[in-house]
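Comments concern the structure below.
Sequential numbering from 1 along the given sequence is applied to the chain's residues. Every heavy atom of this structure was used, including side-chain atoms; hydrogens, water molecules and symmetry mates were not.
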Amino acid sequence: MRLFASPPPGAVRRRAARAVLAGGAAALLAAGVGTPADAVNPAHTRIVTANPADWTPDVLDGAVETIVQVGDRVYLGGSFTRLRNPRNGATVARPYLAAVNARTGVVDTTFDARLDRAVRALAPAADGRSLYVGGDFRNAGRGKARSLARVAATTGAAVAGFRPPALDGNVHDLRVAGARLIVGGAFGRIAGRDRPALAAVDPRTGAPDDTVDLRFAKPRVTSAGHRAPLRVSALDVTPDGRRMVVTGAFGEVAGASRPQVAVVDLGARATLSPWSTAQYGPYCAPTIPSYVRDVDISPDGRYFVVVTSGGPVARTLCDTAARWELGQAADARPTWVNYTGGDTLLSAAVTGVAVYVGGHQRWLNNPFGSNHPGPGAVTREGIGAIHPTTGRALTWNPGKQRGIGTGALHATNAGLWIGSDTELVAGERRRRVAFFPL
């Protein structure tokens, strides 16, 4: 598989995007669907600098797996337990979730959510004063909360009125879409209801929302017998709140074949979209049953990018980044594919002018290499940027220590935050978190 037909024109600029969002919000409210989603990255007008800011904090252990900004605070979630203020400042114990100043990197010591296990997902609440937390924990915000919680943005205390629903598994991703909080993960039931891998709750109260019931099924099993538990690992929602892309270890949604990727229409009741592809059906390495790792929708809501792991297997989408048009329907084919040549990609962030990808990759533009640089390959260790129209690597190349990989990318109006398990970015010591300004 190589490049396919050219995509539609590029993403809109930030001002135009705001106008589209405003019009979309009015239309959705009139239709009773709710306000747009919070998830889509802002549209940038240029590539971020390759020189990381020198004021970010050090994360001293574990890994940063998810990042989100609410107001003037940036929240870091993951498997870490300690941070150190910029420039060898004081060490602060903040297990699994920390708030830092978005301009200085100083750890906010007033925020302490008191989590007891790792955080995998964060989503800002509509009120701008709280955020939703998903992960592996059993306690959060100074109270019992298995895998899902809502905490105050200033203190980390549990928000009164939100009662976390009973879940029988862990949460991997979250998005607010109008009057719904969409929850994806490795669970089978929520609040006593069968909701394998994907559910929705009222974002104010935590009460289950029965309008999202899509019957995810068929966990993936390789010919060697390696099985991935049924799960939704990543999801994203268009800026108008009408559509959602879901990825994970599944083969069927609402009774229809959807190997690892599905598109959902978020009307009054969520329904499976006709959009489908069989391209993620083939298996990669026999030890890796599910290899789709992240998805991100463009700021204009016209396309999305999926990144994968799996090993370099010919004629598959293993170890790739691929662009998909939301305007397609059944039997969709990627607009372009960029191959690493045998290395995992874990994260993606689309900003209109660039598709940033992170992982433990050594190269991009490497369709003819298998654990070596083939013809045309370019070095992009740990992080890179791809042109959204051509699918070729951009010249942006700060490089970073590879490790397990760059698992978190979060674009803001000011630049791009990255989170990982390593300590060197652009040849400078940036322990597990870094920020590239515009």
Any salt bridge linking [X] with [Y]? Criterion: basic side-chain nitrogen under 4.0 Å from a carboxylate oxygen.
X      : Y      : result
Asp136 : Arg146 : no
Asp343 : Arg362 : yes
Arg432 : Asp58  : no
Arg402 : Glu381 : no
Arg120 : Asp173 : no
Arg242 : Asp265 : no
Asp202 : Arg180 : no

*Measure centre to centre between the rings of Trp363 and Tyr339, then say whether the value is under 6.0 Å.*
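Trp363 vs Tyr339: aromatic centres not under 6.0 Å.
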*Show the numbers, then the answer: is there a side-chain hydrogen bond (donor to acceptor under 3.5 Å, both in side chains) between Gln260 and Thr247?*
CA-CA 5 Å; Gln260 300 194 90; Thr247 66; over 6 Å; no
*asked:* Using the rule side-chain contact (heavy atoms from CB on, under 4.5 Å), only one of Leu76, Val68, Leu174 pairs with Leu122; which is it?
replied: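 Of the listed options, the one satisfying the test is Val68.
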*asked:* Distance alone, cut at 3.5 Å: any donor-acceptor contact between the side chains of Asn365 and Asn338?
replied: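 There is such a pair (donor and acceptor under 3.5 Å, judged by atom type) between the side chains of Asn365 and Asn338.
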*Run the numbers on Asp296 and Asn41 for side-chain hydrogen bond (donor to acceptor under 3.5 Å, both in side chains), then give the verdict.*
CA-CA 8 Å; Asp296 199 54; Asn41 290 306; 2.7 Å; yes
